[in-house]
Amino acid sequence: CGIATNIETQTQKDEVIIYPNPSNGFINIELPTTSLDNLHIIVKDITGKIVYQQLVATSKSSLQLHQPNGIYILELRRPTSTRTFKLIIQ
């Protein structure tokens with residue numbers, strides 16, 4: 001039982017929360033505090049063009065995207081890995 005609890009705790013620590021999604025362009029991002037070194041937020045449109053990027057300084061970030069309604073790709077990128085999320089603006 002203890003081993004399963006430890007695995008669940010680790011998964012929760014690594015969780016990224018992006019809300020609201022869908023959004024009107026204002027987005028909040030909550031990140032694990034252990035993984036902020038050299039972390040960039042990058043948002044791309046459906047063609048792959050970068051429409052927003054920012055170096056992350058804190059575990060909670062807010063951003064305002066002034067983009068047309070549609071589907072976007074939000075990447076959390078560091079030198080050794082990238083996590084990708086779908087973001088909808090409506």
Side-chain angles (χ1 to χ4, degrees):
C1 244
I3 294 173
T5 302
N6 289 339
I7 291 171
E8 290 172 15
T9 302
Q10 184 63 37
T11 301
Q12 291 169 353
K13 287 181 182 178
D14 292 340
E15 187 175 8
V16 174
I17 302 169
I18 300 169
Y19 63 95
N21 191 13
S23 102
N24 62 1
F26 183 80
I27 300 139
N28 295 295
I29 303 171
E30 294 184 16
L31 305 162
T33 57
T34 58
S35 61
L36 298 178
D37 294 337
N38 294 316
L39 181 66
H40 289 82
I41 297 171
I42 299 171
V43 179
K44 297 178 180 180
D45 67 14
I46 201 73
T47 68
K49 177 183 171 188
I50 295 174
V51 296
Y52 182 90
Q53 62 182 343
Q54 161 188 331
L55 179 63
V56 176
T58 65
S59 63
K60 293 184 180 183
S61 297
S62 296
L63 53 118
Q64 177 69 51
L65 298 174
H66 299 285
Q67 297 296 320
N69 292 351
I71 297 173
Y72 294 82
I73 304 301
L74 186 145
E75 294 180 352
L76 298 176
R77 186 184 296 173
R78 60 177 45 94
T80 58
S81 66
T82 300
R83 291 184 69 183
T84 304
F85 303 87
K86 180 170 76 170
L87 181 63
I88 299 171
I89 297 178
Q90 58 183 19

Can you check whether [X] reaches [Y] side chain to side chain, under 4.5 Å on heavy atoms?
X	Y	answer
Val56	His40	no
Asn21	Ile88	yes
Thr82	Leu76	no
Ser62	Ile27	no
Ile42	Leu74	no
Leu39	Leu31	yes
Glu30	Ser59	no

Is Phe85 reachable from Tyr52 through a run of I, L, V, M, F, W or Y residues, each pair having side-chain heavy atoms under 4.5 Å apart? yes
Hydrophobic clusters here meaning ILVMFWY residues chained together by side-chain heavy-atom distances under 4.5 Å, can you tell me if Ile73 and Leu63 are in one?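 Looking at the clustering, Leu63 is in a separate group from Ile73.
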The test is side-chain contact (heavy atoms from CB on, under 4.5 Å); show your working for Val43 and Ile50 and say whether it passes. CA-CA 6 Å; Val43 179; Ile50 295 174; over 6 Å; no
Could you give me the CA-CA distance, side-chain angles and deciding distance for Val51 and Tyr72, then say whether side-chain contact (heavy atoms from CB on, under 4.5 Å) is met? CA-CA 9 Å; Val51 296; Tyr72 294 82; 4.3 Å; yes
Could you go step by step and tell me if Thr47 and Asp45 meet the side-chain hydrogen bond (donor to acceptor under 3.5 Å, both in side chains) rule? CA-CA 5 Å; Thr47 68; Asp45 67 14; 2.6 Å; yes
Using every non-hydrogen atom in the two residues, find where Ser61 and Gln54 come nearest and quote the distance to one decimal. OG-NE2, 3.9 Å
Which pair of non-hydrogen atoms, one from Gln67 and one from Ile89, has the smallest distance, and what is that distance? O-CG2, 4.1 Å
Please answer whether the main-chain N or O of Thr80 pairs with a side-chain N or O of Asn38 as donor and acceptor at a distance below 3.5 Å. no
Quick one: does any side-chain atom of Asn28 pair with a main-chain N or O of Lys60 as donor and acceptor, under 3.5 Å? no
Under 4.0 Å between a Lys/Arg side-chain N and an Asp/Glu carboxylate O for Lys44 and Glu75?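 Yes, Lys44 and Glu75 are salt-bridged.
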Hey, could you give me the CZ/CD distance between Arg77 and Gln53, rounded to the nearest 0.5 Å?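 These two atoms lie 8.0 Å from each other.
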